[in-house]
Amino acid sequence: MAEETTDQTYDLVILGAGSGGYAAALRAAELGMSVALVEKDKLGGTCLHRGCVPTKTMLHVGEVADTAAEGASLGVKMTVEAIEMESVLGFKDKIVGRLYKGLQGLVKSAKGIELVSGHGRLTGPKTVTVETESGTRALTGTNVVLASGSFSKTLPGLELGGRIIDSEAALELTSVPKNPIILGGGVIGVEFASVWKSLGAESVTIVEGLPHLVANEDEALSKALERAYKKRGITFSLGTFFEKAEQTENGVTVTLVDGKTFEGDYLLVAVGRGPNTKDLGYEEQGISMDRGFVLADPATLQTNVEGVYAVGDIVPGLQLAHRGFQQGIFVAEQIAGLAPAPIVESGIPRVTYCEPQLGSVGLTEKQAKEKYGDDGVATYEYNLGGNGKSQILGTTGFVKLVRVKDGPVVGIHMVGTNMSEQIGEAQLIVNWEAYPEDVASLIHAHPTQNEALGEAHLALAGKPLHAHA
């Protein structure tokens, strides 16, 4: 069958239907635009199918397993008979499938969106050419949004395959690794370390070249996580970089630059995600790039080519699904002339779903001091030892506040079981530039972990209740 070329024009053509792309499509349709949404794989992208949702599903299974182990200390004697990975994977796939079906329904019911399945490339300043099963289609937009997402990175000379795997392959393992090595102590690395330990791995080792785990977080959170992982029996090597990995039929040996070696049955490469922009025609159309990332104006998310925008993981900054969502909405509203407020990168909430959980928003103490000076910043840590609900849950941890002296709270950093659930109020405090006195006057329900936020602000406002000043 000969290829068939169809030229069509839309108000908006979007290349990529992950978090940023489909959010832009749905919002644009609400605003009355005609939209072509191009995706070569599945609607929902990495987050839904190979990232956020499946990993958090696995972490929940780990939490259930941990609960059984903790039961005896509470007077409830129970044991984990076995981890049936076939059923675990089935549960994961069921959750992903249900959300996928719901998202398909949303897009299908949205008036004005055409979902185009196939591999798309930018072939003109405003044209995306798509190779579909039935032929080639040229889609021209008054505006174009690039939302092609990211891929699991590896290191030069370290090839994926066999027992050297990335996070996507790790999610499909049919048995729990016995003694995995994880290369990278960022979000992906520490989350997999947590879930594998919970599901019964005999040992888990993290190799991180930087001085701390989750090195982008406030140092107090990094140190707290390191202490917690030592107690859990998760080992880690910090401050020495990876040199090579050699695999056999049964395992992997990892060597560091100082000659130290580690042996495990799998090596998970969790060194971050790279922008998926290769061979998509961006550079050929004159779009400014840097190491594969698309350089978009932070205030508008428009590239140097008028009418061409970029959102999500291909734009330098935090690689988070909810950042992509918001950027997609922002771009659609900007194109519609609504003049939305620019997205402040530091105001985006960040959560790591390991055990204990990390939640943060705003500036770290170091960043705040760089911006306002050492003498212009005040901090306070409220220990969860004074929080009743946290004691019931058996968790340690704290809430750390960073404020400008005589000014607003500019950073909130939390660690502890379930503390990620407090990120909602935390982001409102930071983004609305609340003063400690503003939050101290609010009533936080008792007994909840949410009280910890209130107590921390009471203390920073100079009137501690269940805390030392």
Short side-chain to backbone donor-acceptor contact, E84 and E86, under 3.5 Å: no

Is it the case that the side chains of T235 and T205 hold a donor-acceptor pair, with the cut-off being a distance below 3.5 Å and no angle test? yes

Does E226 use its side chain to pair, donor to acceptor, with the backbone of L213 at less than 3.5 Å? yes

Does a donor on one side chain and an acceptor on the other come within less than 3.5 Å for R273 and S152? yes

With a 4.0 Å cut-off on N to O distance, would you call E333 and R27 a salt bridge? yes

Looking at every non-hydrogen atom in both residues, tell me the closest pair between D265 and P180 and how far apart they are. OD1-N, 3.4 Å

Would you mind reporting whether I348 and Q326 have side-chain heavy atoms less than 4.5 Å apart? no

Does the side chain of E355 pick up a donor-acceptor pair with the side chain of S194 at under 3.5 Å? no

I'd like to know if the side chain of Q427 reaches the main chain of P349, judged simply by a donor and an acceptor atom lying under 3.5 Å from each other, with no hydrogens or angles considered. no

Side chains of N387 and E455: do they bring a donor and an acceptor to under 3.5 Å? no

For R232 and S198, which I'm curious about, is there any donor-acceptor pair between the side chains at under 3.5 Å? yes

Is there a side-chain contact between V145 and L12 (heavy atoms, below 4.5 Å)? yes

H212 atom NE2, neighbour heavy-atom count above 12 within 6.0 Å: yes

Assess the side chains of H466 and E451: does a donor N or O sit below 3.5 Å from an acceptor N or O? no

Got a second to check how far M414's CE is from E217's CD, nearest 0.5 Å? 10.0 Å

Which of these, K369, K223, K400, sits in a salt bridge (Lys or Arg N to Asp or Glu O under 4.0 Å) with D218? K400

Are any of the side-chain heavy atoms of V190 and L358 separated by less than 4.5 Å? no

